[in-house]
Amino acid sequence: MPKAKGKTRRQKYSYNVNRKRLYRSARRRAAPRIACSHIRHAWDATKSVAQNLAEMGLAEDPNKAVPIPKKKLLGMEVGSNGREQGKKMVRKPYVVNEMEYEASLPEKKSNTLSRDLIDYVRYMIQNHGENYKEMARDEKNYYQDTPKQIKRKINVYKNFYPEEYKDFVASLKQEKMDVQ
């Protein structure tokens, strides 16, 4: 079945449409994407962003919440109008308390080294001991690391796995004693 004739033609751009207003209204209707689970659970979709944040005790605009103090000019303070901002009532203080508790928890260190790097370092130590120049000339030195680079990699391995490194060196000493 053939297509209709008018559908393939390019449509004219309408200059009279205010696209900013259309975009803003569509953006207002969309629910905000909230990353923090505490805020997400306390969020009320019927209220505005400013009202929700004020109820939780959070600031909508950090520049207004913690203003930069004006420098003193000739002994007088500039910027004090004598009017203090009214304190807003915090109805959901548990949100801020939970966020503060979560922030105070210590971070887990999940840094690990790749298996390839661990095997590389163990091979070099096993075959060459502390001789970094020999390590640099080894055929397994695929990336052509310099002696300093190899030393740095071994030190990283020592820092990440100190117990494993000690056990490995101790086992090498045992092997040398058994051979002799």
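Here, residue 1 is the first one in the sequence, and each next residue gets the next number.
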note = Lys158 and Tyr165 have their tightest heavy-atom pair at CE-OH, 3.1 Å
message = How close do Asp44 and Asn52 get, counting heavy atoms only, and between which atoms?
response = O-ND2, 2.9 Å
key: Over all atoms of both residues, closest heavy-atom pair of Gln126 and Leu172   = CG-CD2, 3.7 Å
ask   = Looking only at side chains, do Ser14 and Asn16 share a donor and an acceptor under 3.5 Å apart?
value = no
ask   = So does Leu105 have more than 12 non-hydrogen atoms from other groups sitting under 6.0 Å from CG?
value = yes
note = Rounded to the nearest 0.5 angstrom, the CG-OH distance for Asp167 and Tyr161 is 14.0 Å
message = Within the supplied structure, the quantity of interest is the number of heavy atoms (other residues, nucleotides, ligands) at a distance under 6.0 Å from Arg40 CZ; does it exceed 12?
response = yes
request  = Using a 4.5 Å cut-off on heavy atoms from C-beta on, say whether the side chain of Tyr123 contacts that of Ile118.
outcome  = no
Sidechain-backbone polar pair: Lys92 side chain, Ala42 backbone, donor-acceptor under 3.5 Å = yes
query = Just wondering, do Ile154 and Met135 contact through their side chains at under 4.5 Å, heavy atoms?
reply = yes
task = Any chance you could measure Lys133, atom NZ, to His128, atom NE2, to the nearest 0.5 Å?
result = 14.5 Å
inquiry  = Regarding Glu130 and Tyr132, do their side chains bring together a donor and an acceptor under 3.5 Å, going by distance alone?
reply    = yes
query = How close do Lys153 and Leu117 get, heavy atom to heavy atom, and via which atoms?
reply = CD-CD1, 3.7 Å
ask   = Would you say Glu55 and Gln51 make side-chain contact, with heavy atoms under 4.5 Å?
value = no
request  = Answer whether the closest heavy-atom distance between the side chains of Met56 and Trp43 falls below 4.5 Å.
outcome  = yes
message = To the nearest 0.5 Å, what is the distance between NE2 on His38 and CG on Asn97?
response = 10.5 Å
ask   = Are any of the side-chain heavy atoms of Glu102 and Met99 separated by less than 4.5 Å?
value = no
key: Distance, nearest 0.5 Å, that separates CG of Asp61 from CG of Leu53   = 11.0 Å
note = When every non-hydrogen atom of Asn159 is compared with those of Pro162, the smallest separation belongs to O-CD, 3.7 Å
Smallest separation among heavy atoms of Tyr157 and Val121, with atom names = CD2-CG1, 3.7 Å
key: Side-chain heavy atoms of His41 within contact of Ser37, under 4.5 Å   = yes
